[in-house]
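As the structure is a computational prediction, the values presented were derived from the model and not from experiment. Positions are given from 1, in the same order as the sequence printed here.
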Amino acid sequence: MQIRKATIEDLELLIMGIYRKAQDFMIKSGNSNQWGHFYPSEDLVIDDISKGISYLIFEDTFDDCPHGVFVLIDGLEPTYKYIEDGNWLNDEPYMTLHRIASDGKVHGVFKSAIDHSKSICNNIKIDTHNNNQIMQNR
């Protein structure tokens with residue numbers, strides 16, 4: 001798989017399309033509360049792109065249509081200050097993997113996002129919603 005940073009030109013046809021497919025899949029899988037058809041908003045995705053933290057995943061070459069999208073944030077994640085019924089493995093500096101989504105057409109999108117993230121920082125934090133049973137089994 002190939003990964004590149006997303007651009008504003010990727011927004012509507014590529015990124016938001018992948019997120020819509022992921023939203024539909026989550027709803028059909030019994031997880032209608034996590035993203036519904038409202039998250040992530042287009043404004044949030046535009047903000048991710050402008051910060052340079054949004055990435056697209058391609059199967060073979062950048063000429064293909066992307067099959068996945070994710071956000072990789074460097075620095076403290078405010079929502080990770082408190083964890084209900086758990087704890088992190090360490091308190092070292094980390095990057096956070098967020099808003100990962102796939103169009104469902106190829107396998108390996110999640111692994112590619114993890115591998116790419118670990119190539120930048122070997123301390124990655126990622127979480128998922130309580131209702132997202134599919135992601136919890138990754």
Check D24 with R20, please: is the shortest side-chain N to carboxylate O separation under 4.0 Å?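 No.
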Does the distance from a Lys or Arg side-chain N to an Asp or Glu carboxylate O, for K105 and D64, drop under 4.0 Å?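 The answer is no: the pair does not qualify as a salt bridge.
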Please give me the minimum heavy-atom distance between [X] and [Y], naming the atom from each residue.
| X | Y | value |
| --- | --- | --- |
| R99 | P40 | CD-CB, 3.7 Å |
| G52 | K5 | O-NZ, 3.0 Å |
| Y94 | L76 | OH-CA, 3.5 Å |
| Q23 | F38 | NE2-N, 4.2 Å |
| S117 | L72 | OG-CD1, 3.5 Å |
| W35 | A22 | CZ3-CB, 4.1 Å |

Begin with the C-alpha distance, continue with both residues' side-chain angles, and end with the deciding distance and a verdict on side chain to side chain contact (heavy atoms under 4.5 Å, CB included) for I53 and H98. CA-CA 10 Å; I53 60 174; H98 270 310; over 6 Å; no
Using 0.5 Å steps for rounding, measure from the [atom1] atom of [X] to the [atom2] atom of [Y].
| X | Y | atom1 | atom2 | result |
| --- | --- | --- | --- | --- |
| I8 | S54 | CD1 | OG | 9.5 Å |
| C121 | L97 | SG | CG | 11.5 Å |
| I27 | Q34 | CD1 | CD | 11.0 Å |
| L56 | M1 | CG | CE | 13.0 Å |
| K118 | M95 | NZ | CE | 14.0 Å |
| E59 | C65 | CD | SG | 11.0 Å |

Any side-chain heavy atom of [X] sitting closer than 4.5 Å to one from [Y]?
| X | Y | value |
| --- | --- | --- |
| I126 | F70 | no |
| K125 | E77 | no |
| L11 | M16 | yes |

List in chain and number order the residues that pass salt bridge (charged side-chain N to carboxylate O under 4.0 Å, His left out) with D115, two or more places apart in sequence or in another chain; answer none if no residue qualifies.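 Scan of D115 (salt bridge (charged side-chain N to carboxylate O under 4.0 Å, His left out), adjacent residues dropped) gives K111.
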If only atom types and distance count, is the side chain of N123 paired as donor or acceptor with the main-chain N or O of P93 below 3.5 Å?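 Such a contact is found between N123 side chain and P93 backbone.
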Verify, without hydrogens or angle tests, whether Y19 (side chain) and V69 (backbone) share a donor-acceptor contact under 3.5 angstrom.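 Not confirmed, Y19 side chain does not pair with V69 backbone.
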Verify the neighbour count for atom [atom1] of [X]: are there more than 12 heavy atoms of other residues, nucleotides or ligands below 6.0 Å?
| X | atom1 | answer |
| --- | --- | --- |
| H107 | NE2 | no |
| L89 | CG | no |
| D91 | CG | no |

Which of these passes side chain to side chain contact (heavy atoms under 4.5 Å, CB included) with P66: I18, D103, I57, V109?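 The residue from I18, D103, I57, V109 that satisfies side chain to side chain contact (heavy atoms under 4.5 Å, CB included) with P66 turns out to be I18.
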What's the verdict on side chain to side chain contact (heavy atoms under 4.5 Å, CB included) for D10 and I49, showing C-alpha distance, side-chain angles and the deciding distance? CA-CA 9 Å; D10 299 321; I49 293 168; 5.7 Å; no
